[in-house]
Number of protein chains: 2
Amino acid sequence: MVMPNTRKIPPSPADDRFIYLLFTAQQKLRNHLNTALTASGVKVTVAQSGILFLLKQKDGRTMTELSTILEVDNSTLTGLADRLERAGFIRRDANPGDRRSSNIYLQPAGLAEADKAKAVIRRVNQEVKAGFQQPDLDMFRRVLQSISMKFGRNGQLKTTNTEESP
Amino acid sequence: MVMPNTRKIPPSPADDRFIYLLFTAQQKLRNHLNTALTASGVKVTVAQSGILFLLKQKDGRTMTELSTILEVDNSTLTGLADRLERAGFIRRDANPGDRRSSNIYLQPAGLAEADKAKAVIRRVNQEVKAGFQQPDLDMFRRVLQSISMKFGRNGQLKTTNTEESP
DNA sequence: TGACCATATTTGGCACGCCAAGCAATTGTT
DNA sequence: AACAATTGCTTGGCGTGCCAAATATGGTCA
């Protein structure tokens with residue numbers, strides 16, 4: 001059945017615009033996150049932190065490796081890496097085996113920054129989950145993952161856990 | 001309990017990083033949406049379509065009115081309106097009562113464009129919902145709305161239905 | 001009226017996405 | 001070995017967000 005019960009329309013017609021809802025939630029979450037990060041003295045942004053986490057997990061990755069995992073365009077990664085390098089958080093090193101590519105290495109300051117960012121992000125992730133039961137969150141995850149699968153480039157689910165969990 | 005069961009780790013450790021999941025889903029959805037729009041000959045982007053929908057619902061709104069409803073910065077709206085106006089989809093008209101503000105009017109081409117965009121967005125919204133039961137989607141919505149409420153500027157839920165539904 | 005504060009919008013600067021194009025280096029083909 | 005195709009990365013251009021500052025107008029109050 002496609003049509004809702006026509007006998008009685010509920011007081012709040014239940015917003016069916018999931019695209020809008022998703023976009024709005026993401027935008028507010030991103031703003032809150034970046035605000036929380038700067039408030040905690042973290043200089044790096046959410047987007048940049050992803051690179052740091054991946055390098056902490058395995059140092060010396062290449063640009064392509066990072067952009068593939070993060071599923072962003074190569075050129076996007078160039079910009080992110082530029083800023084991280086300018087801030088002294090990472091270092092681009094020539095790859096002796098293949099002079100086209102470069103290996104990215106986490107600098108001490110970058111490692112410290114990653115940990116600071118991780119703490120904030122973990123906290124916000126808890127805030128997101130607050131007020132819901134595990135089954136609810138599981139369903140939420142399932143829908144998000146289905147969106148990623150349906151509309152993703154490769155149609156595949158990417159489970160590249162950056163670290164332990166949040 | 002904070003630690004998971006240590007006796008047996010399940011095959012798939014259930015990704016708990018909702019921030020990452022939400023960001024990824026949103027990004028893929030946005031890309032798919034804009035691809036689908038251009039594929040259908042729609043010249044306007046998702047972001048721009050929001051303005052058209054609001055004007056179709058009630059023409060002559062001001063910039064501030066639009067940016068408040070869409071919950072984007074005023075300056076963001078300036079850019080969006082610039083492009084829509086340059087494309088001939090809207091018109092900025094001086095407000096006789098208050099010369100600081102301007103009323104935005106949908107042009108015939110803009111109305112046509114809004115309808116074309118609406119069809120595509122509605123279709124993608126159906127794709128998002130595909131494979132889920134209504135209770136699942138309701139839970140999905142609830143979590144998204146709770147994120148918007150938790151992290152929104154005003155902490156309030158905005159239910160400005162742009163039209164009938166998707 | 002004139003100093004002041006508030007409001008509406010724009011501008012400029014930055015972050016990050018995308019795409020298309022470019023460049024250098026590597027690999028494959030013949 | 002020589003040419004073509006591929007790969008790794010950067011550049012340039014654009015859209016969309018943000019914030020802070022500038023502009024212009026409007027309203028208040030002494």
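Just so we're clear, the structure is a prediction, and the values are computed from it rather than from any experiment. Residue numbering restarts at 1 for every chain, and letters A, B, ... go by the order of the sequence lines.
Not one side-chain nitrogen or oxygen of B:Thr62 sits closer than 4.0 Å to the OP1 or OP2 atom of C:dA8. OP1 or OP2 of D:dG17 has not a single side-chain nitrogen or oxygen of A:Gln26 nearer than 4.0 Å. OP1 or OP2 of D:dC18 has at least one side-chain nitrogen or oxygen of A:Gln27 nearer than 4.0 Å.
At its two ends the helix from C:dT1-D:dA30 to C:dT30-D:dA1 runs along axes set 10° apart, each axis drawn from five pairs and the angle rounded to 10°.
As a whole-Å value, the separation of A:Leu84 CG from C:dC16 C1' is 12 Å. Atom CZ of B:Phe23 and atom C1' of C:dA15 are 13 Å apart (whole Å). One can place CD of A:Glu71 at 18 Å from P of C:dC16, the figure rounded to the nearest angstrom. Distance CG (B:Leu66) to C1' (C:dA8): 13 Å, rounded to an integer number of Å. In this structure, CD1 of A:Ile51 is placed 13 Å from C1' of C:dA15, rounded to the nearest angstrom. Atom pair A:Arg61:CZ and D:dG8:C1' shows a separation of 17 Å (rounding to whole Å applied). A:Ile90 places its CD1 atom 13 Å from the C1' atom of D:dC9, with the value rounded to the nearest Å. Regarding A:Arg30, its CZ atom lies at a distance of 9 Å from the P atom of C:dC16, rounded to whole Å.
For A:Asn34, the side chain to side chain contact (heavy atoms under 4.5 Å, CB included) test picks out A:Arg30, A:Leu37, A:Thr45, A:Val46, with sequence neighbours left out. Taking the salt bridge (charged side-chain N to carboxylate O under 4.0 Å, His left out) definition, one finds that B:Glu65 meets it with B:Lys58, B:Arg61, sequence neighbours left out. In terms of the side-chain hydrogen bond (donor to acceptor under 3.5 Å, both in side chains) criterion, residue partners of A:Ser67 (sequence neighbours excluded) are, by chain and number, A:Asn74. Under the salt bridge (charged side-chain N to carboxylate O under 4.0 Å, His left out) criterion, A:Arg100 pairs with A:Asp98, sequence neighbours left out. For A:Thr62, there are no side-chain hydrogen bond (donor to acceptor under 3.5 Å, both in side chains) partners at least two apart in sequence or on another chain. Residues meeting the salt bridge (charged side-chain N to carboxylate O under 4.0 Å, His left out) test with B:Asp138, sequence neighbours left out: B:Arg141. Under the salt bridge (charged side-chain N to carboxylate O under 4.0 Å, His left out) criterion, B:Asp136 pairs with no residue, sequence neighbours left out. Partners of A:Arg91 by side chain to side chain contact (heavy atoms under 4.5 Å, CB included), not counting sequence neighbours, listed by chain and number: A:Asp93, A:Tyr105, A:Gln107.
Salt bridge absent: B:Lys43 and B:Glu113 never bring a charged side-chain N and a carboxylate O closer than 4.0 Å.
Applying the ring pair (Phe, Tyr, Trp, His ring centres under 6.0 Å) rule to pairs touching residues 116-150 of chain A yields A:Phe140-B:Phe18, A:Phe140-B:Phe140, sequence neighbours excluded.
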Can you check nucleotides 10-16 of chain D for protein contacts, nitrogen or oxygen pairs under 3.5 Å, and list what you find?
{"unit_1": "D:dT10", "atom_1": "OP1", "unit_2": "A:Arg92", "atom_2": "NE", "d": "3.0"}
{"unit_1": "D:dT10", "atom_1": "OP1", "unit_2": "A:Arg92", "atom_2": "NH2", "d": "3.3"}
{"unit_1": "D:dT10", "atom_1": "OP2", "unit_2": "A:Thr78", "atom_2": "OG1", "d": "2.8"}
{"unit_1": "D:dT16", "atom_1": "OP1", "unit_2": "B:Thr45", "atom_2": "OG1", "d": "2.1"}
{"unit_1": "D:dT16", "atom_1": "OP2", "unit_2": "B:Gln48", "atom_2": "NE2", "d": "2.8"}
{"unit_1": "D:dT16", "atom_1": "OP2", "unit_2": "B:Arg83", "atom_2": "NH1", "d": "2.6"}

What's touching nucleotides 23-26 of chain D from the protein side, N or O pairs under 3.5 Å?
{"unit_1": "D:dT25", "atom_1": "O2", "unit_2": "B:Arg100", "atom_2": "NH1", "d": "3.2"}
{"unit_1": "D:dG26", "atom_1": "OP1", "unit_2": "B:Arg99", "atom_2": "N", "d": "3.2"}

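Positionally, the nearest nucleotide of DNA chain D for A:Asn103 lies more toward the 5' end than for the other of A:Asn103 and B:Val72.
Contact between A:Ile90 and A:Ala81 at its shortest, heavy atoms only, is CD1-O, 3.6 Å.
No hydrogens or angles considered: a donor-acceptor pair under 3.5 Å links the side chains of B:Ser101 and B:Asn95.
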